[in-house]
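We use all heavy atoms of the structure for the numbers below, so side chains are in, but hydrogens, waters and symmetry mates are not.
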Amino acid sequence: WPVNQILTAKPGDDKYEEKHEIYDALTLEFFQLTNSAPLAKQMLLQYIYDFITDNTSLTMEQLGLENPMDVKTELRREQLMYSDPAERAKLALEFQQIRDAPTWNAEFESAFAMMKILDAQGGGFMTIEGAGGMGKTYLTNALVKHYRAEGRIVRIAAPTALAATLYEGGMTLHDLFKLNVVKSADDEYVSFVQKHPQRKELLQHCALIMIDEAYNCHINNIAAMIDALQAICETDHPTAHKIICFIGDRHQIAPIVNDDPSERAAFEASILNLPGYAQIPKIKLKVAYRNKDDTELATFVETVAVGLVKPHHLTENGTAMIPLPAALVRPFTNENDALDFFMNTTAQRAQFGNKAIICADNNRVDVLNEQIQSLRVANTSTLCSCDYLKDAKNDNLDLNSTPEFLHGLNPKDAPPHALKLGVGDIVFLMRNLNKKHHLTNNTRVEVIAVGTRYVTVQTLGTNRQVHL
């Protein structure tokens, strides 16, 4: 088909499914870069525009295609993602469906109402607190859909990259505000966002900033964030007329303080000591939301949340320190003891049990994974990469880069040269493969079969699907 038929095909058109499959293939690489279907389409249009401009006398109009939009700035890309009327209508419908569902409770409605009040008042702080399983992530995603459906700019940040991956467009607080990494007690907490014009422009137009795991954030990083926003927006308003929503559980991980491991230092560095924190409106989630796949853990978290667990001791400021049950978390210094706890029966060696081993570094993770695979009954296959140096400009570099040398490289964003997989292994995806089928970065899947050129996997959860 002509390329314009592929790019403009709509549900109900002749051969739509086949055309849409080709469209997905054409935009796959761009989608992996952006995780956004509208941006991927614009990048494809830009690619076609550049190609025909350089190699032919054709125009986009002659091909029946629209000219690509400018997606060179962060603000323009964000606006493009959520300015399309069809996309905004889709988000609005999704939010309304969430709000009409039985899982939407009075606490969620209170948070939504509070956010609208702050919006009407021209910005301000609010917090959404709750123990694990109370629906904080579910609520956050719903509120973000509402604001993006209105065409508003929203940014979601977290102190860690893992927490940020729970949200579309999420990033670390340090990345969003270009904060420096403090390595000693003498270092200052500073934002360098003024040196990044595109990020300044994006933050200036931002209406809502959601900060997940906020109680893990250092108070000085929050102060540097607020100073940066006030400078960008040229105002002394406490939130620079943005809605800043802190999300988290104050009973979970406290901030890390350099050169002072005391409990007192950790709690003094928490946003609990933010000036005016007591006056910030707070929504406390107490109704359990998450499906209790792990009833033992869910029960423990809920008993902690309602104060039924006797604290081990109190900190200087009266905060209760809760001991973790030995049945849930056990410290080991010997790897063999840890493996015996993890897989201490034949049945568990076949199905892994409901456990995980937390390691201090990735090298130990690789060693333990190999040991676990050797203990399991399933056969393990080894898939090897084919490595070569692309477009080498330096002859010496090209000569020295033997296949053996390239095989030994182990960059953090790529699998090892020899990837060992066994049926039943639980693995993480490292790329966005197909958003429609939920095969995106950091998705956990179970290996069903290992072939010579492909791997069959099954998504986890209640709605399991098998994919190649």
Side-chain angles (χ1 to χ4, degrees), residues 11 35-38 81-82 84-120 126-156 158 163-170 207-214 243 245-249 281-295 297-299 301-302 305-306 434-445 458-465:
N35 199 27
S36 165
M81 288 169 65
Y82 303 108
D84 180 62
E87 180 67 17
R88 289 173 59 180
K90 173 175 168 289
L91 289 171
L93 177 61
E94 289 175 356
F95 173 72
Q96 193 57 50
Q97 289 173 338
I98 292 172
R99 200 177 176 198
D100 292 339
T103 49
W104 185 267
N105 56 46
E107 295 172 347
F108 293 170
E109 187 65 24
S110 296
F112 180 45
M114 178 56 65
M115 195 163 280
K116 290 195 293 184
I117 291 172
L118 291 178
D119 200 4
M126 66 176 289
T127 69
I128 298 175
E129 297 181 28
M134 297 298 167
K136 298 186 295 294
T137 303
Y138 176 80
L139 174 60
T140 299
N141 279 315
L143 296 174
V144 168
K145 286 180 185 294
H146 169 73
Y147 273 82
R148 284 175 172 164
E150 292 190 339
R152 313 285 290 278
I153 303 296
V154 180
R155 289 284 87 186
I156 312 171
T165 57
L166 295 174
Y167 306 99
E168 184 173 336
L208 172 63
I209 299 173
M210 310 282 282
I211 303 177
D212 195 14
E213 303 294 354
I243 301 173
C245 181
F246 298 123
I247 309 152
D249 179 4
K282 301 171 183 63
I283 304 298
K284 296 187 178 182
L285 306 182
K286 300 179 182 178
V287 179
Y289 162 78
R290 185 184 301 156
N291 292 327
K292 297 178 178 52
D293 297 323
D294 188 337
T295 55
L297 176 60
T299 300
V301 171
E302 287 187 27
V306 297
N434 190 314
K435 189 174 181 181
K436 182 170 72 173
H437 295 300
H438 307 290
L439 296 176
T440 55
N441 187 29
N442 282 320
T443 299
R444 291 196 312 152
V445 294
Q458 178 175 258
T459 54
L460 303 180
T462 54
N463 185 24
R464 295 192 169 209
Q465 295 180 335

Worksheet item: Do Asp212 and Thr140 have side-chain heavy atoms sitting under 4.5 Å apart?
Response: no

Worksheet item: For Leu143 and Ile128, what are the C-alpha separation, side-chain angles and deciding distance, and is it a side chain to side chain contact (heavy atoms under 4.5 Å, CB included)?
Response: CA-CA 12 Å; Leu143 296 174; Ile128 298 175; 4.1 Å; yes

Practice prompt. Would you please name every residue forming a ring pair (Phe, Tyr, Trp, His ring centres under 6.0 Å) with Tyr167, sequence neighbours left out?
Written response: none

Response to the item:
Only residue of Lys286, Lys284, Met134 satisfying side-chain contact (heavy atoms from CB on, under 4.5 Å) with Glu107 is Lys286

Practice prompt. Could you tell me the separation between the CG atom of Leu285 and the CD1 atom of Ile247, rounded to the nearest 0.5 Å?
Written response: 10.0 Å

Discussion item. Rounded to the nearest 0.5 Å, what separates atom OH in Tyr82 from atom CD in Glu168?
Written reply: 4.0 Å

Practice prompt. Please name all residues satisfying side-chain contact (heavy atoms from CB on, under 4.5 Å) with Ala164, sequence neighbours left out, ordered by chain then number.
Written response: Ala158

Fill in: Shortest non-hydrogen separation from Ala111 to Leu139 and the atoms involved
CB-CD2, 3.7 Å

Discussion item. Applying side chain to side chain donor-acceptor pair (under 3.5 Å), can you list everything that pairs with Glu129, at least two apart in sequence or on another chain?
Written reply: Tyr215, Arg250, Tyr277

Item to complete: Mind checking the CD1-SG spacing from Ile211 to Cys245? Nearest 0.5 Å is all I need.
Response: 9.0 Å

Worksheet entry | Donor-acceptor pair, side chain of Glu213 and main chain of Ala163, under 3.5 angstrom | no

Discussion item. Which residues pass the salt bridge (charged side-chain N to carboxylate O under 4.0 Å, His left out) test with Glu94, not counting sequence neighbours?
Written reply: Lys90, Lys145

Worksheet item: Parallel under 30°, tilted from 30 to 60°, perpendicular over 60°: which one fits the rings of His146 and Phe112?
Response: perpendicular

Discussion item. Applying ring pair (Phe, Tyr, Trp, His ring centres under 6.0 Å), can you list everything that pairs with Phe108, at least two apart in sequence or on another chain?
Written reply: Trp104, Tyr138

Fill in: Asp119 side, atom CG; Leu208 side, atom CG - distance, nearest 0.5 Å
8.5 Å

Item to complete: Measure the CZ-CD distance between Phe95 and Glu150 for me, rounded to the nearest 0.5 Å.
Response: 9.0 Å

Worksheet item: Distance-only, no hydrogens or angles: does the Lys136 side chain make a donor-acceptor pair with backbone N or O of Gly130 under 3.5 Å?
Response: yes

Worksheet item: With Arg99, which residues qualify under salt bridge (charged side-chain N to carboxylate O under 4.0 Å, His left out), at least two apart?
Response: Glu109

Fill in: For Gly151 against Arg88, the heavy-atom pair lying closest together
N-NE, 3.7 Å

Discussion item. Working to the nearest 0.5 angstrom, can you tell me the gap between Arg152 CZ and Ile243 CD1?
Written reply: 6.5 Å

Worksheet item: By salt bridge (charged side-chain N to carboxylate O under 4.0 Å, His left out), which residues pair with Asp249, not counting sequence neighbours?
Response: none

